[in-house]
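This chain uses plain numbering: 1 for the first residue, then up along the sequence.
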Amino acid sequence: YANRLMEQTSAVAAAAMPSADSSAVLGATSSTILQGGWEAARVLEPPIEGRSTGCVVTVELKPATGAGILNATVLGDSGFMVLAPPGRDSTRRGWTVRYTCDEERIEEQQHYFNCPFQLGTLGGGEMNTPADAFQANFSLECGDVVIVATDGLFDTLFAEDIVKMFDEYARIHVPGSCLPFPASRCHARFCACVSPAVHDEEGTRLLIPISFFCAVGEQEARGSAHST
């Protein structure tokens, strides 16, 4: 079900994206994107039972400053994190966390312990709708990176571990090892989906899907989903 939800949500987001040569803004908010994807997934045949948390993030660029406005709709314990690049704060040398969905917010998005708000049906009933989602707006600065993921990441790793993981990934995969991004590239899009390997207490190797993207660039719509 999570795959279907995100497929339909992605289709709604794609339809709302302006053309590459257009100065128009994104024709939808994260809330209407998730709502549209959920509605499409409900009526698609054949029906699929299942439930999923979700997080949809859009970023609108401010060309004059290279900054942007993040708009997020979060249902359940999926979420996002905003990282600031090295060098912005003279007292810190590495990437730092500017924003993350905190535990208090996550607790508000659950029916009871370990039962987060979810879309979809299981056993014939729906628990939640997109109207139950948490809304967030956040001002981004040039060079910020947004990480969108499910609780499979945020419940498994501490924030400092996520930052370390991203730093190691960026040094290998981002063209040019010098971070933050040079000014000439601050309007370029960086997007990647990776599955970093971690191990649980019993030594079992786990793969956690995670999406990184540069928050300053073309108008973006990204999402994550977690199925139960």
- Item | Sequence neighbours excluded, every pair satisfying salt bridge (charged side-chain N to carboxylate O under 4.0 Å, His left out) that has a member inside residues 1-18 | none
- Minimum-distance pair of heavy atoms, taken over all atoms of Phe154 and Ala149: CE1-O, 3.6 Å
- Query: Side chain of Gln118, backbone of Pro116: donor and acceptor closer than 3.5 Å?
  - Reply: yes
- The reported gap from OH in Tyr1 to CD in Glu49 (rounded to nearest 0.5 angstrom) is 11.5 Å
- Query: Nearest heavy-atom pair of Gly120 and Trp38: which atoms, and what distance?
  - Reply: N-NE1, 4.3 Å
- Are the side chain of Thr53 and the backbone N or O of Asp77 linked by a donor-acceptor pair below 3.5 Å? no
- Under 3.5 Å donor-acceptor, Asn71 side chain and Thr58 backbone: no
- Message: Measuring from atom CG of Asp144 to atom OH of Tyr99, what distance do you get when rounded to the nearest 0.5 angstrom?
- Response: 13.5 Å
- Message: Please report the interatomic distance OG(Ser78) to CG(Leu153), rounded to the nearest 0.5 Å.
- Response: 10.5 Å
- Spatial distance of atom CD (Gln109) from atom CG (Leu75) [nearest 0.5 Å]: 5.5 Å
- Are Leu83 and Val97 close enough, and set up right, to give a side chain to side chain contact (heavy atoms under 4.5 Å, CB included), and what steps lead you there? CA-CA 5 Å; Leu83 303 184; Val97 177; 3.8 Å; yes
- Message: Going by side chain to side chain donor-acceptor pair (under 3.5 Å), name the pairs with one or both residues in residues 120-129, residues two or more places apart or in two chains.
- Response: Arg42-Glu126, His111-Asn128, Asn128-Asp132
- Item | Minimum heavy-atom distance between Ala28 and Ala16, given as atom pair plus value | CB-CB, 3.7 Å
- In short, Ser30 meets Ala72 closest at the heavy-atom pair OG-C, 3.2 Å
- Message: Evaluate Phe138 against Val146 for side chain to side chain contact (heavy atoms under 4.5 Å, CB included), listing each step before the verdict.
- Response: CA-CA 11 Å; Phe138 188 77; Val146 180; over 6 Å; no
- Could you state the interatomic distance from CG (Asp151) to CG (Asp155), rounded to the nearest 0.5 Å? 4.5 Å
- Message: So, taking the atom named OG1 in Thr9 and the one named CD in Gln35, what distance separates them when rounded to the nearest 0.5 Å?
- Response: 10.0 Å
- Message: Between Thr73 and Cys55, does the side chain to side chain contact (heavy atoms under 4.5 Å, CB included) criterion hold? Intermediate values first, please.
- Response: CA-CA 6 Å; Thr73 298; Cys55 175; over 6 Å; no
- Query: What are the two closest non-hydrogen atoms of Arg98 and Ser139, and how far apart are they?
  - Reply: NH1-O, 3.3 Å
- Query: Looking only at heavy atoms, which two atoms of Phe166 and Ile147 are closest? And how far apart?
  - Reply: CB-CD1, 4.5 Å
- Task: Decide whether Met127 and Leu34 are clustered together by the hydrophobic rule: side chain heavy atoms of Ile, Leu, Val, Met, Phe, Trp, Tyr closer than 4.5 Å, transitively.
- Result: no
